[in-house]
There are 2 protein chains.
Amino acid sequence: MVMNGKKIPQSTISRLFVYLRELTELDKINIRTISSAELGERTNLSDAQVRKDLGYFGQFGVSGSGYAVGELKNALNNILGKDKIWNVAIVGVGHLGSALLAYSGFDTHGLKIVAAFDADEKKVGKKFLDITIQSIEEIKQTVKKKKVELSILTVPVGKAQEVAEELVNAGVECILNFAPVSLNVPENIKVKDVDLSRELETLSYFLAGKNGNNKK
Amino acid sequence: MVMNGKKIPQSTISRLFVYLRELTELDKINIRTISSAELGERTNLSDAQVRKDLGYFGQFGVSGSGYAVGELKNALNNILGKDKIWNVAIVGVGHLGSALLAYSGFDTHGLKIVAAFDADEKKVGKKFLDITIQSIEEIKQTVKKKKVELSILTVPVGKAQEVAEELVNAGVECILNFAPVSLNVPENIKVKDVDLSRELETLSYFLAGKNGNNKK
DNA sequence: AAAAGATTGTGATTCTTTTCACAAACTCTG
DNA sequence: CAGAGTTTGTGAAAAGAATCACAATCTTTT
Ligand SMILES: NC(=O)c1ccc[n+]([C@@H]2O[C@H](COP(=O)([O-])OP(=O)(O)OC[C@H]3O[C@@H](n4cnc5c(N)ncnc54)[C@H](O)[C@@H]3O)[C@@H](O)[C@H]2O)c1
Ligand SMILES: NC(=O)c1ccc[n+]([C@@H]2O[C@H](COP(=O)([O-])OP(=O)(O)OC[C@H]3O[C@@H](n4cnc5c(N)ncnc54)[C@H](O)[C@@H]3O)[C@@H](O)[C@H]2O)c1
């Protein structure tokens, strides 16, 4: 997380992807130049935040006029490693897993789903577009063969821990986990939780005005 | 966000839900007492973090032995407003929307899906369990009638902004947005983005060793 | 070409969140 | 019940992140 001796916040990285998304849109509609204020406006962030985030990686702007959309887009693509294509596996092809498997939007982000696994014999062998669902037993060899780097875990909550262990055992280092459980994995493994109930509940907590509106 | 004069981090709230989830599991298996260290272990957080988070809301522990699982569970249920049931609407019943609509796990979190909307005439009228998909035109009256408080936005990215505006217009104050776009809404409206491509990409960024491993 | 205007890049400041560290409070053991 | 062992609760310190603020730099205007 260090560059030019400065530490780069995790959240900066996440926002860079947002800037890049916006710049790609701007480029499409032939907008050539944009200020940090405008880019901030469009991404619901402050101008200072935009400039500081970009500042970690270099100087991309021009005083008095702003940033060249095309150039900045290219720079971010480069910084974020969007030149590379990442191989993704989905484990657990149920409601959520099949929605993700059917999603075409990953392509445009350099995310390529190369394999899908399920424990249900009835599902094994079925095809979704060009992906054939494989038995969970084949996970290790397939991860190796297809060079799976990222994994999406969409199995029932009760199976999540054991399947996560199989993933780790198979050599996968990154897991996007949808099961509402805290996975216990070695610390070199990166797990990112997506807990949808929690997101909704957190929203509701603040809606309830528990955040200081009704309590002193 | 103020209690006892102290500011409560947003992230603390989110973690309280994690503690609660864990405590509920512990309760099920008849574990009566747990220390902050153990609870932290199980949730991948530090003991100090656990204690500080709980400390915002009162004193629940017993020196020398830890926290009474049942009591703390009840306290958190209360703090987090889990006594209340929240009414949720899903807008856009495609791949993702229908996965969410079919998900039974929301129930146990006090989240009740009370309505679903889609613009596609072919989908309107279809039933998912006990929810009949309604036309998007009915959104305003239904939100009012069914007291919708939270909404899940799963429409194509190009439609997200306009549908978000319809939601706001219908009186919804919280939106869980799955479309990869920065929504522009009044500031009293709470939007939480779930951008799955971005989550995967952020994982991959760190996998790429761009975080200081290959750069000085 | 000078003056007015716009916008960047970044050190300094402020605000937020996490971690530390330890007295106080409790439990357990023989 | 005394002493050893745990564990909490919480100020204080440290770390992390966002915001401020402004000199420097570029653009536009006249
Ligand atoms: N569907 C949702 O909207 C939703 C929302 C929030 C959270 N989640 C969570 O996401 C996860 C998946 O949810 P879902 O609704 O898709 O569930 P699902 O039951 O529809 O699908 C789970 C799939 O995993 C497969 N599976 C079971 N054990 C397996 C194993 N050992 N190895 C490989 N595959 C296995 C099942 O055969 C099934 O196809 C769950 O943990 C759930 O709690 C889902
Ligand atoms: N499916 C995924 O795995 C996935 C992953 C990441 C992000 N997303 C995002 O989530 C959103 C939904 O994805 P999806 O795969 O479910 O798409 P989808 O095309 O399967 O479903 C979209 C649904 O929205 C409906 N719709 C269109 N316009 C509407 C309107 N004006 N009002 C109401 N409903 C309308 C469509 O009829 C369709 O049923 C998209 O923005 C997508 O980018 C999806």
Side-chain angles (χ1 to χ4, degrees), chain A residues 1-19 23 26 31-69 71-72 75-76 79 187 202 206 211-212, chain B residues 1-19 23 26 31-69 71-72 75-76 79 187 202 206 211-212:
Chain A
M1 274 212 236
V2 179
M3 184 159 293
N4 303 332
K6 290 164 245 149
K7 306 216 180 57
I8 299 166
Q10 159 106 241
S11 44
T12 288
I13 304 303
S14 185
R15 282 190 298 267
L16 290 185
F17 284 104
V18 178
Y19 304 145
L23 290 164
L26 290 166
I31 289 179
R32 301 254 167 268
T33 255
I34 192 163
S35 68
S36 57
E38 284 174 293
L39 187 53
E41 180 109 356
R42 285 171 170 271
T43 53
N44 300 322
L45 297 161
S46 73
D47 58 336
Q49 183 79 79
V50 171
R51 291 198 303 276
K52 177 126 292 200
D53 284 340
L54 298 175
Y56 287 114
F57 298 92
Q59 304 184 168
F60 306 100
V62 178
S63 301
S65 80
Y67 299 87
V69 172
E71 266 178 43
L72 185 55
L76 289 183
I79 290 164
E187 57 177 313
T202 307
F206 286 93
N211 51 355
Chain B
M1 273 211 237
V2 179
M3 184 159 293
N4 303 332
K6 291 163 245 152
K7 305 212 181 61
I8 299 166
Q10 158 107 243
S11 44
T12 288
I13 303 303
S14 184
R15 283 190 299 267
L16 289 184
F17 285 104
V18 177
Y19 303 144
L23 290 164
L26 290 166
I31 289 178
R32 302 253 167 269
T33 254
I34 192 162
S35 68
S36 57
E38 284 174 292
L39 188 53
E41 182 107 356
R42 285 171 171 272
T43 53
N44 300 321
L45 296 161
S46 73
D47 58 337
Q49 183 80 79
V50 171
R51 292 198 301 279
K52 173 113 323 189
D53 283 341
L54 297 175
Y56 287 113
F57 297 92
Q59 302 186 170
F60 307 99
V62 179
S63 299
S65 80
Y67 300 86
V69 171
E71 266 179 44
L72 185 55
L76 289 184
I79 290 163
E187 57 177 314
T202 307
F206 286 93
N211 51 353

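So that the names make sense, note that chain A is the first sequence line, chain B the second, and so on, each numbered from 1.
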query = Looking at V69(A) and T33(A), what are the two nearest heavy atoms and their distance?
reply = CG2-N, 3.7 Å

remark   = Hits for side-chain contact (heavy atoms from CB on, under 4.5 Å) against T12(B), two or more places apart or cross-chain, chain-then-number order -> I8(B), P9(B), R15(B), L16(B), D53(B), Y56(B), F57(B)

request  = Quickly work out the F60(B) CZ to dT8(D) P distance and round it to whole Å.
outcome  = 13 Å

Between C1' of dT7(C) and CG of L54(A), the distance in whole Å = 13 Å

task = Please state how far atom CD in Q59(A) lies from atom P in dT7(C), giving the value in whole angstrom units.
result = 18 Å

note = Expected string for nucleotides 20-30 of chain C under the B/S/- scheme (protein heavy atoms, under 4.0 Å, primed atoms plus P, OP1, OP2 as sugar-phosphate) is BB---BB----

task = Specify the separation, in whole Å, of atom CG of L39(B) and atom P of dT6(D).
result = 19 Å

key: Under 4.0 angstrom between Q49(A) side-chain N/O and dA17(D) OP1 or OP2   = no

key: Y56(A) vs dA18(D): side-chain N/O to OP1/OP2 distance below 4.0 Å   = no

ask   = Looking for any heavy atom pair under 4.0 Å, which part of the strands does T12(B) touch: base, sugar-phosphate only, or nothing?
value = nothing

query = How close or far is atom C1' of dT7(C) from atom CG of L72(A), stated in whole angstroms?
reply = 14 Å

task = Answer yes or no: does a side-chain N or O of Y67(A) lie under 4.0 Å from OP1 or OP2 of dG9(C)?
result = yes

key: Contacts of type side-chain contact (heavy atoms from CB on, under 4.5 Å), residue S46(B), not counting sequence neighbours   = A48(B), Q49(B)

ask   = Within this structure, what is the CD-to-P distance between Q10(A) and dT17(C), rounded to whole angstrom?
value = 16 Å

request  = Compare every heavy atom of T43(B) with every heavy atom of V18(B), then report the nearest pair and how far apart it is.
outcome  = CG1-CG2, 3.6 Å

request  = Please tell me which of the listed nucleotides, dT8(C), dT8(D), dT18(C), lies nearest to the side chain of S36(A)?
outcome  = dT8(C)

task = Looking only at non-hydrogen atoms, find the nearest pair between Y67(B) and S35(B) and report the distance.
result = CD1-C, 4.4 Å

ask   = Roughly how far, to the nearest 0.5 Å, is the CG atom of L23(A) from the CD atom of E71(A)?
value = 11.5 Å

Residue S11(A), side-chain heavy atoms: nucleotide from dA17(D), dT19(D), dT18(C) that is nearest = dA17(D)

inquiry  = What is the distance, to the nearest angstrom, from the CG atom on D53(B) to the P atom on dT8(D)?
reply    = 13 Å

message = Restricting to non-hydrogen atoms, name the atom on L76(A) and the atom on Y19(A) that form the minimum distance, rounded to 0.1 Å.
response = CD1-CB, 3.9 Å

Separation of atom CD1 in I8(A) from atom P in dA17(D), rounded to whole Å = 11 Å

